[in-house]
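To keep things clear, I will list the structure first and then write my remarks on it.
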Amino acid sequence: MISLSEQEIIRRNSLKRLRELGIDPYPAAEYPVNVLAEEIKNNYKADLNNYQEVCLAGRLMGQRIMGKASFAELQDSSGRIQLYVNRDELCPGEDKTFYNEVFKKLLDIGDTIGVKGFVFITQMGEISVHVRELVLLSKSLRPLPVVKEKDGVTYDAYTDMEQRYRMRYVDLIVNPHVKDTFVKRTRIINTMREMFNENGYLEVETPILQPIPGGAAARPFITHHNTLDMPLYLRIANELYLKRLIVGGFDGVYEFAKDFRNEGMDRTHNPEFTVMEIYVAYKDYKWMMEFTEQMVERVALALHGKTTVQLGDKVIDYKAPYPRVTMYEAIKTHTGYDIAGKSETELREICDKLGIETDPSMGKGKLIDEIFGEKCEAHYVQPTFIIDYPVEMSPLTKKHRDNPGLTERFELMVNGKELANAYSELNDPIDQRERFEEQLRLSEKGDDEAMFIDQDFLRALEYGMPPTSGMGIGIDRLTMFMTNNLSIQDVLFFPQMKPEPKRQETESSTEEFEAAGIPAGWAEVIKSIGYTTLGKLKEVDKHTKLHQDLCGYNKKNKLGLTNPLPDEVKSWIEAAGEDRS
RNA sequence: GACUCAGUAGCUCAGCUGGUAGAGCACAUCCCUUUUAAGGAUGGGGUCCUGGGUUCGAAUCCCAGCUGAGUCACCA
């Protein structure tokens, strides 16, 4: 048995009592809800006398019991509304049990109830539901954290991050702003989907289990397919599959995809995360920049009705268009070095001068990436496109039309972080093969993140892929930016956590104690005072102390058991030590 | 992976230089009987994260571990 807190025991007793009264605490029938709390509060007008036949359901979140009349708080999916409950209306006859016992005593905060009645305004001026009929729809057996709030000040807020993430359902019940974040997250996705569909692009699904984890540079999760007896990887990206579909003749395809990367976890990284990738044929990265800024602006408008969004202590303005800054310009602006045409050795020297650590496995691309990451990234708080990345760090990107050392790539930077990443896609199969081989060389040099070679993808390119631009955007990060959350865990319902430590170690059952000759009643007592297993019991040195503890517990808790003799206790300890297996 | 901080009642937290474990809310009983986080009174509730150590005595001091948060590193 798991030991229950006092409040849990009281609730279980209430449950039992409800059943005795003939009330099903978990009824099956549909409950005919016809309105939400928020709707009433927004639209009720006393002079219109509307909402006179309402039926709503939700969680009981507070009771102010005053005697023959009470007030309560009902919380449904839209918010809270006050209930007015009157004894003689709930119980019109002589029998006042339903009000006096069921409503006042057997209902608890957290129970799901349904009410029918009419809307009115109390003397205190609050829109409330005058309850004519009340039913229990689901009994709650655990006490909720009670959060109170007045004039925007929250009291006793439920703030323990570990518990909030582990028990998101509780978090969602008591912290309304959490729910709001997730509603906004879905609205972001819907807004994007709407825009893509308006453009005639096709939403598709591609494999999550991949034989070769391609399309990005990251350590994958690996699993095993039993029937095929082969390893499979959870995708780190879906890029190569979406491009195959462009080869297949679709003009535009997109996917909201869960990707998986077996790397560190922190405030901005979760092992599984959501990315939207879109590929459009006959477009280039310049077109994609316009498309992206319009999309982001549209998302901001859909969420906030304006383009400015608070983020920490900053205000980000998502109004399009965004500045285009080449990577070389960015580095020149923020370090003073012009790195155009510099060799690997020269770049390494520049890194040294800038105080950036390097190691021999780093190629040109990685070195430039380091300089940008260390010295430039953080400066781009307002949305900015960083464009024209060096070819070494962009193995899937078409070479720049004017400068073969660069690629046609952009990243959208917001608040000093990468939000989106896009290219004119590399569709020259021979160039692509060479780039993969270069990655392979990097990997042999020690870069464990260089890309794998996907032969089938190369074959697809050899059939010919139209010129295409593709873009990927981190949905979690976008949601963080758009909802003013600084941690990815706040925009994921169920962020990855370490397993919860086992709270209850294995206990010997009462039967096992009985087998050792200990009466069941005393076995419970012995377990209650900490000797939860026979193994622990046999370690007891002084049987006289145990004897006293047992008798003391019996007395204190008024169990009414007949106290054992000290020698009996001694024999129990000895019996516990015998091996009966 | 390194460092810093934290873990005490269902929730939020106090607990000093080591000496009987505290408050508010929640819960229970009673009183009141149209209230707005909190009407009044009384009461119950604890593996002080775990395991060692020091000590006559540890929530408190020391060591190790677990979990979480933060900073950095690694990494998109």
Side-chain angles (χ1 to χ4, degrees), chain A residues 3-11 13-14 61-73 80 82-87 104-105 108-110 120-128 130 140-167 170-171 174-175 216-219 236-237 259 261-271 273 275 357 359 366 369-370 372-373 377 393 411 413 417-421 447-449 472 474 476-477 486-489 495 497-505 528-530 532 557:
Chain A
S3 56
L4 298 171
S5 73
E6 182 194 25
Q7 292 192 42
E8 288 172 299
I9 291 164
I10 289 166
R11 284 177 183 232
N13 290 340
S14 299
M61 293 303 283
Q63 275 173 301
R64 290 183 289 279
I65 291 171
M66 307 308 295
K68 69 178 185 190
S70 300
F71 289 86
E73 296 283 332
R80 288 191 186 189
Q82 177 169 268
L83 305 179
Y84 170 77
V85 178
N86 180 299
R87 182 188 68 195
K104 282 168 69 169
K105 298 191 173 157
D108 293 293
I109 289 178
F120 75 113
I121 296 185
T122 64
Q123 290 176 4
M124 301 300 288
E126 181 160 344
I127 294 172
S128 306
H130 187 123
S140 165
L141 295 181
R142 285 177 185 262
L144 283 172
V146 176
V147 179
K148 298 195 171 173
E149 181 257 320
K150 190 192 184 184
D151 302 330
V153 185
T154 305
Y155 301 81
D156 296 330
Y158 180 62
T159 52
D160 186 301
M161 299 219 202
E162 181 176 359
Q163 292 202 49
R164 285 184 47 225
Y165 298 149
R166 286 197 196 281
M167 299 193 288
V170 175
D171 191 28
V174 302
N175 289 328
R219 280 202 300 274
I236 56 174
D259 288 350
R261 296 188 184 176
N262 204 343
E263 284 166 358
M265 295 158 56
D266 61 26
R267 222 174 57 229
T268 55
H269 297 88
N270 195 67
F273 58 102
V275 170
E357 284 184 33
D359 72 71
K366 198 99 179 170
D369 194 27
E370 279 302 306
F372 182 78
E377 212 169 48
M393 53 196 283
E411 287 193 356
M413 309 295 301
K417 305 261 164 51
E418 174 202 341
L419 179 59
N421 182 17
D447 184 347
D448 60 354
E449 296 209 332
D476 309 299
R477 203 165 275 186
L486 298 175
S487 164
I488 195 169
Q489 295 169 310
M497 304 285 282
K498 287 196 187 175
E500 222 170 334
K502 279 211 180 82
R503 299 187 64 185
Q504 199 73 24
E505 61 188 24
S528 298
I529 62 175
T532 49
N557 293 286

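Note on naming: letters A, B, ... go to the chains in the order of the sequence lines (proteins, then strands), and numbering restarts at 1 for each one.
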Worksheet item: What is the nucleic acid contact for Glu418(A), judged by heavy atoms within less than 4.0 Å: base, sugar-phosphate only, or nothing?
Response: base
Discussion item. Of the options U71(B), U35(B), A26(B), whose atoms approach the side-chain atoms of Ile109(A) most closely?
Written reply: A26(B)
Worksheet item: When the P atoms of G15(B) and U8(B) are considered, how many whole Å apart are they?
Response: 14 Å
Practice prompt. Look at Glu8(A) together with Arg142(A) and state whether they make a salt bridge at an N to O cut-off of under 4.0 Å.
Written response: yes
Practice prompt. Write down the distance separating the C1' atoms in C32(B) and G68(B), rounded off to the nearest Å.
Written response: 45 Å
Worksheet entry | Contact nearer the 5' end of RNA chain B, comparing Phe273(A) with Tyr165(A) | Tyr165(A)
Response to the item:
With sequence neighbours left out, the residues meeting side chain to side chain donor-acceptor pair (under 3.5 Å) with Arg267(A) are none
Worksheet item: So what does Gln489(A) hit on the nucleic acid, given a heavy-atom distance under 4.0 Å: a base, only sugar-phosphate, or nothing?
Response: sugar-phosphate
Discussion item. Nearest to the Glu162(A) side chain among G68(B), C74(B), U29(B), which nucleotide is it?
Written reply: G68(B)
Practice prompt. Please determine if a side-chain N or O atom of Arg64(A) lies less than 4.0 Å away from the OP1 or OP2 oxygen of A37(B).
Written response: no
Worksheet item: U71(B) C1' sits how many Å from Asp266(A) CG, rounded?
Response: 11 Å
Worksheet item: Going 5' to 3' along nucleotides 7-15 of chain B, which nucleotides have protein heavy atoms under 4.0 Å from the base (write B), which only from the sugar-phosphate (write S), and which from neither (write -)?
Response: ---BSSS--
Worksheet, complete the sentence: From CE of Met265(A) across to P of C74(B) the rounded distance in Å is 19 Å
Fill in: Rounded distance (Å) that lies between atom P of U36(B) and atom CZ of Arg80(A)
17 Å
Item to complete: Determine the interatomic distance between P on C49(B) and the same-named atom on C16(B); round to the nearest Å.
Response: 14 Å
Fill in: Distance in Å, Leu141(A) CG paired with Ile10(A) CD1, rounded so as to fall on 0.5 Å steps
12.5 Å
Worksheet item: Taking the same atom, P, in C61(B) and in G7(B), what whole-Å distance lies between them?
Response: 11 Å
Fill in: Counterpart base for C13(B), defined by Watson-Crick or G-U wobble contacts under 3.5 Å
G22(B)
Worksheet entry | Atom-pair distance (NE2 on His130(A); P on U35(B)), nearest Å | 16 Å
Practice prompt. Please check if the side chain of Arg261(A) supplies one atom and the backbone of Ile236(A) the other of a donor-acceptor pair under 3.5 Å.
Written response: yes
Discussion item. Distance check, C1' atoms only: G52(B) and G40(B), in whole angstrom units.
Written reply: 49 Å
Item to complete: Name the pairing partner of A2(B), where a pair is Watson-Crick or G-U wobble with both distances under 3.5 Å, or state none.
Response: U71(B)
Worksheet entry | side-chain contact (heavy atoms from CB on, under 4.5 Å) evaluation trace for Gln63(A) with Lys104(A) | CA-CA 8 Å; Gln63(A) 275 173 301; Lys104(A) 282 168 69 169; 5.8 Å; no
Practice prompt. Provide, to the nearest angstrom, the distance between the CE atom belonging to Met161(A) and the C1' atom belonging to U67(B).
Written response: 14 Å
Practice prompt. Measure distances between side-chain N and O atoms of Thr122(A) and base N and O atoms of U35(B), and say whether any donor-acceptor pair falls under 3.5 Å.
Written response: yes
Worksheet, complete the sentence: One should read off an interatomic distance between Glu377(A) CD and Glu411(A) CD, to the nearest 0.5 angstrom, of 7.5 Å
Discussion item. What's the gap between G39(B) and U4(B) when it is taken at their P atoms, as a whole Å value?
Written reply: 46 Å
Practice prompt. Pick base, sugar-phosphate or nothing for Asn262(A), based on heavy-atom distances below 4.0 Å to the nucleic acid.
Written response: nothing
Item to complete: Using Watson-Crick or G-U wobble geometry with both distances below 3.5 Å, tell me the partner of A41(B), or none.
Response: U29(B)
Practice prompt. Give a yes or no on whether a donor-acceptor pair under 3.5 Å exists between the nucleobase atoms of U35(B), that is its base, and the side chain of Tyr84(A).
Written response: no
Worksheet, complete the sentence: Rounded to the nearest 0.5 Å, the OH atom of Tyr84(A) sits from the CZ atom of Arg64(A) at a distance of 13.0 Å
Item to complete: Please determine, for the side chain of His269(A), which listed nucleotide (A26(B), C75(B), G68(B)) has the closest atom?
Response: C75(B)
Fill in: Integer angstrom distance from the P of A38(B) to that of C5(B)
39 Å
Worksheet item: Is there a Watson-Crick or G-U wobble partner for A64(B) with both distances under 3.5 Å, and if so, which one is it?
Response: U50(B)
Worksheet item: Looking only at N and O atoms, is any donor in the side chain of Glu126(A) or the base of U36(B) less than 3.5 Å from an acceptor on the other one?
Response: yes
Worksheet item: Starting at the 5' end of RNA chain B, which residue's closest nucleotide do you reach first, Arg11(A) or Arg261(A)?
Response: Arg11(A)
Item to complete: Could you state the atom-to-atom distance from CZ of Arg267(A) to C1' of C74(B) in whole Å?
Response: 16 Å
Worksheet, complete the sentence: From CE of Met61(A) across to P of A26(B) the rounded distance in Å is 13 Å
Discussion item. I'd like the P distance from A9(B) over to G1(B), given in whole Å.
Written reply: 29 Å
Fill in: By side chain to side chain contact (heavy atoms under 4.5 Å, CB included) - contacts of Lys68(A) (at least two apart)
Arg87(A)
Discussion item. What is the distance, to the nearest angstrom, from the CD1 atom on Ile65(A) to the P atom on A28(B)?
Written reply: 9 Å
Worksheet item: Has the side chain of Glu263(A) got a donor or acceptor atom that lies under 3.5 Å from a matching backbone atom of Arg219(A)?
Response: yes
Discussion item. Rounded at 0.5 Å granularity, tell me how far CE in Met497(A) sits from CG in Asn270(A).
Written reply: 10.5 Å
